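Because the structure is a prediction, the values reported are computed rather than measured. Just so we're on the same page: letters track the sequence lines, and every chain starts at 1.
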Amino acid sequence: MRYSEMFLPTGRETPSDAEVISHQLMLRAGMIRKLTSGIYSYLPLGYRVIKKVEQIVREEMDRAGAQEVFMPAVQPAEIWMESGRWKMYGKELLRFKDRNNREFCIGPTHEEVITEIVRNEIQTYRQLPKNLYQIQTKFRDEIRPRFGVMRCREFGMKDAYSFDVDERGAEISYGKMFEAYTRIFSRCGLQFRPVEADTGSIGGSFSHEFLVTADSGEDGMVYCTSCDYAANLEKAEIDRPEKYEVEESELLPVEEVYTPDVRTIEEVCQFLDVTARDVVKTLIFVADDSPIAVLIRGDVEVNEIKLRNYLGCDSLELATDDIVFEVTSSPKGFAGGIGIKSDIIADYSLINMKNFVMGANKENYHVKNCNMERDFAVKDFADVRMIEETDTCPRCDSPIKFARGIEVGHVFKLGTKYSKAMKATFLDKDGKDKYMIMGCYGIGIGRTAAACIEQNHDNDGIIWPLSIAPYHVIITPVNINDEKIATVAEKLYADLEKRGVEVILDDRDERAGVKFKDADLIGIPLRITLGSKKLSEGKVEVKFRKSKDVDEVALYNVEDFIVKTVHEGLGER
RNA sequence: CGGGGCGUAGCGCAGCCUGGUAGCGUACCUGCCUUGGGAGCAGGGGGUCGUGGGUUCAAAUCCCGCCGCCCCGACCA
């Protein structure tokens with residue numbers, strides 16, 4: 001395409017409302033424009049990238065045996081009521097009524113629709129397994145959209161759904177998707193890591209997130225320095241410690257101490273001259289309307305996801321001040337295990353604690369030398385804390401490390417959650433009706449492109465890998481008014497297009513510097529610079545955006561050189 | 001939903017405190033000049049100052065309501 005004819009509004013200035021680098025660069029490179037909060041248009045350059053990502057996704061999904069479908073964005077409330085999610089999904093589900101006052105939503109995901117299709121059309125095990133996918137616009141009314149296209153409300157997503165006759169089959173389907181995802185993100189030129197993840201509101205038995213490593217990522221992950229264990233921070237397990245008796249620390253008598261206005265762990269430590277490891281903090285939660293006390297060592301944090309999973313509750317939140325008063329008979333800051341009016345769950349971190357400090361359930365008092373069993377009863381011990389960098393790998397006990405990442409893909413083994421709720425059954429070999437075992441698999445398309453920019457940019461702009469670059473090559477004639485240069489540029493442009501190379505001819509009557517800046521900003525992997533001096537020697541320059549290397553190539557050879565470089569870069573032939 | 005900030009030309013911002021002809025940079029148009037990393041000079045076009053009301057002789061500026069956007073938190077495949 002001729003640059004002069006393109007709709008490519010690039011900008012020199014960084015838009016003030018863009019926080020992360022990918023958002024800034026997508027705006028500056030004329031890839032996207034915001035319509036309203038969390039809702040973006042893709043301009044031609046951006047849409048070309050999206051289509052490249054989609055194409056890679058299609059090829060790898062098809063290779064893995066999945067088939068593409070296209071489902072409605074607008075969905076009737078009935079199927080969501082059937083699955084139980086009309087109530088569960090909350091405000092993120094955008095709901096509305098049609099002219100007949102019937103309720104609808106805009107699909108944030110398509111488990112209900114696909115299950116509705118499959119249950120009607122599949123009767124026997126002979127028709128299974130099946131894996132169906134689509135690439136479609138989703139809508140999730142995010143509480144706070146941010147980071148441009150990375151966390152927005154309307155976004156393009158590939159979602160796939162597998163249906164199997166048994167657990168074993170479902171695991172094979174899951175494995176195929178896992179492999180396909182690995183290929184997809186590799187082909188997109190991303191550095192990523194699959195990590196064990198929580199299943200969240202989608203539900204199901206286990207899942208992996210594919211996180212693109214980036215400091216700007218919203219997800220924390222932990223990985224083992226020795227084995228291949230890696231998990232989302234909110235999922236990362238912590239082993240139950242061995243119980244051991246320490247001889248010299250015999251149980252001391254309980255002692256109530258006056259601690260006026262001493263509420264936080266920090267204040268308690270200072271006031272009583274102890275460390276946070278000697279203190280137990282007591283948090284009151286409300287799980288599905290009933291209060292529960294969680295005891296945990298003072299220096300570590302409660303992992304609410306783990307707690308929610310352990311309790312098996314739908315809603316979980318920290319108790320309000322009045323509920324705290326009801327349960328502990330004291331204002332916030334003095335809660336403890338002794339005499340509390342609720343069940344107590346103790347984190348594993350308490351197992352070896354003796355003679356610890358705790359709130360007294362009495363305003364302005366704490367208790368020293370508390371001990372479990374002797375002083376109060378714990379209903380159960382559980383792993384409900386956030387992992388720390390000083391912990392060790394739950395699999396092999398080696399040191400672990402933390403990193404941040406952008407979630408670009410998520411695979412779930414759903415089991416029968418939806419097939420049961422929506423009665424998706426098939427007739428098995430033994431003549432009995434059985435529920436299909438499902439899996440679901442998502443990839444955020446726009447987010448994948450944004451993640452790629454987070455990982456591949458420099459001060460001058462984006463650095464696309466060839467596989468998803470909007471164009472492979474940009475031809476930059478230093479002076480379009482120089483007839484010789486213009487002629488060569490035109491011929492090279494036509495020849496490269498003929499060979500199937502995606503090429504921009506920067507035929508604008510601009511100074512060279514302007515063209516260079518734009519070429520760098522939009523991140524085209526290869527630039528052919530045509531200047532009069534080199535041209536008179538029969539040479540042109542080929543500049544590599546990523547390495548900044550410049551190759552001098554003979555004019556007669558440049559077409560082949562480019563074709564070869566592009567093919568090699570795309571991993572062809 | 002709680003807290004904070006912002007809304008003035010396509011973009012980035014000043015002006016507001018202390019009311020009195022709406023400005024700067026950039027981008028855009030015309031001409032000259034220039035042509036290997038966002039040149040220079042001259043001339044020019046473009047703004048209901050988010051919106052509704054109030055105060056005032058007079059409101060971008062002061063007061064009240066509303067809307068939008070951004071940030072922090074809570075929340076979230």
Side-chain angles (χ1 to χ4, degrees), chain A residues 9-20 23-24 27-28 30 33-39 85 88-93 107-111 138-148 151-153 155 157-161 197-204 207-211 218-219 232 234-235 304-305 308 315-318 320 406-412 414 417 439-444 447 459-461 476-482 485-486 506 508-522 527-535 540-541 543 548 550:
Chain A
T10 59
R12 188 193 314 220
E13 318 227 29
T14 302
S16 57
D17 56 2
E19 278 273 297
V20 294
H23 188 197
Q24 294 171 359
L27 253 10
R28 284 188 56 205
R33 286 296 181 262
K34 183 171 69 186
L35 213 211
T36 184
S37 179
I39 300 182
R85 288 206 292 185
M88 290 303 304
Y89 218 96
K91 287 187 183 167
E92 213 176 300
L93 183 64
T109 172
H110 281 68
E111 280 82 7
K138 308 283 197 237
F139 194 94
R140 294 181 188 176
D141 200 354
E142 288 281 347
I143 243 164
R144 184 146 91 85
R146 57 184 126 179
F147 305 148
R151 185 168 206 77
C152 48
R153 298 194 293 171
F155 59 100
M157 173 170 153
K158 186 283 304 178
D159 48 322
Y161 305 90
D198 183 64
T199 51
S201 74
I202 288 259
S207 87
H208 285 86
E209 287 173 343
F210 284 75
L211 298 185
E218 291 189 89
D219 288 277
N232 191 302
E234 57 189 32
K235 169 80 178 177
E304 290 192 27
I305 306 270
R308 186 188 302 248
S315 80
L316 179 76
E317 47 194 30
L318 268 173
T320 52
I406 300 160
E407 180 189 359
V408 289
H410 203 157
V411 294
F412 295 86
L414 286 176
K417 174 170 171 165
C440 79
Y441 317 93
I443 289 179
R447 194 184 271 190
N459 283 338
D460 292 315
T476 306
V478 156
N479 182 359
I480 201 74
N481 298 317
D482 181 320
I485 293 177
D506 194 346
R508 294 175 299 168
D509 185 10
E510 287 284 358
R511 301 169 63 84
V514 174
K515 298 187 185 186
F516 293 152
K517 287 290 183 192
D518 275 332
D520 287 348
L521 177 61
I522 65 177
R527 187 183 83 201
I528 305 173
T529 315
L530 304 176
S532 55
K533 197 171 163 197
K534 286 275 154 42
L535 213 51
V540 302
E541 287 171 13
K543 177 158 184 174
K548 294 191 164 83
V550 179

Check this for me, if you would: do [X] and [Y] make a salt bridge, where the nitrogen-to-carboxylate-oxygen distance has to be below 4.0 angstrom?
X         : Y         : value
Asp518(A) : Arg508(A) : yes
Asp141(A) : Arg153(A) : yes
Glu111(A) : Arg85(A)  : yes

With 3.5 Å as the limit, what N/O pairs link the protein to nucleotides 10-12 of chain B?
residue, atom, partner, partner atom, Å
G12(B), OP1, Ser16(A), N, 3.4

Touch class at under 4.0 angstrom, heavy-atom based, for Asp520(A) against every strand present: base
Sugar-phosphate, base or nothing in reach of Glu304(A), heavy atoms under 4.0 Å: sugar-phosphate
Report the distance from atom [atom1] of [X] to atom [atom2] of [N], rounded to the nearest whole Å.
X         : N      : atom1 : atom2 : result
Ile143(A) : C72(B) : CD1   : C1'   : 14 Å
Leu93(A)  : C76(B) : CG    : P     : 15 Å
Leu318(A) : G73(B) : CG    : P     : 16 Å
Phe155(A) : C76(B) : CZ    : P     : 16 Å
Leu35(A)  : C69(B) : CG    : P     : 11 Å
Arg28(A)  : G38(B) : CZ    : P     : 14 Å

So what's [N] paired with, Watson-Crick or G-U wobble, going by both distances under 3.5 Å?
N      : value
C62(B) : G54(B)
U30(B) : A42(B)
G2(B)  : C72(B)

Distance-only donor-acceptor test (3.5 Å): side chain Asp518(A), base G38(B): yes
Using a cut-off of strictly less than 4.0 Å, decide whether [X] has a side-chain nitrogen or oxygen near OP1 or OP2 of [N].
X         : N      : answer
Thr36(A)  : G68(B) : no
Arg508(A) : G38(B) : no
Arg146(A) : C69(B) : no
Arg151(A) : C76(B) : no

Lys34(A), nearest nucleotide to its side chain (from C75(B), C70(B), C71(B)): C70(B)
Heteroatom pairs (N/O) under 3.5 angstrom, protein to nucleotides 31-36 of chain B:
residue, atom, partner, partner atom, Å
U34(B), O2, Arg511(A), NH1, 3.1
G36(B), O6, Gly531(A), N, 3.4
G36(B), N1, Glu541(A), OE1, 3.2
G36(B), N1, Glu541(A), OE2, 3.2
G36(B), N2, Glu541(A), OE1, 2.6
G36(B), N2, Glu541(A), OE2, 3.4

Full working for salt bridge (Lys or Arg N to Asp or Glu O under 4.0 Å) between Arg146(A) and Glu19(A): CA-CA 8 Å; Arg146(A) 57 184 126 179; Glu19(A) 278 273 297; over 6 Å; no
Whether Arg447(A) side chain and Glu407(A) backbone form a donor-acceptor pair below 3.5 Å: yes
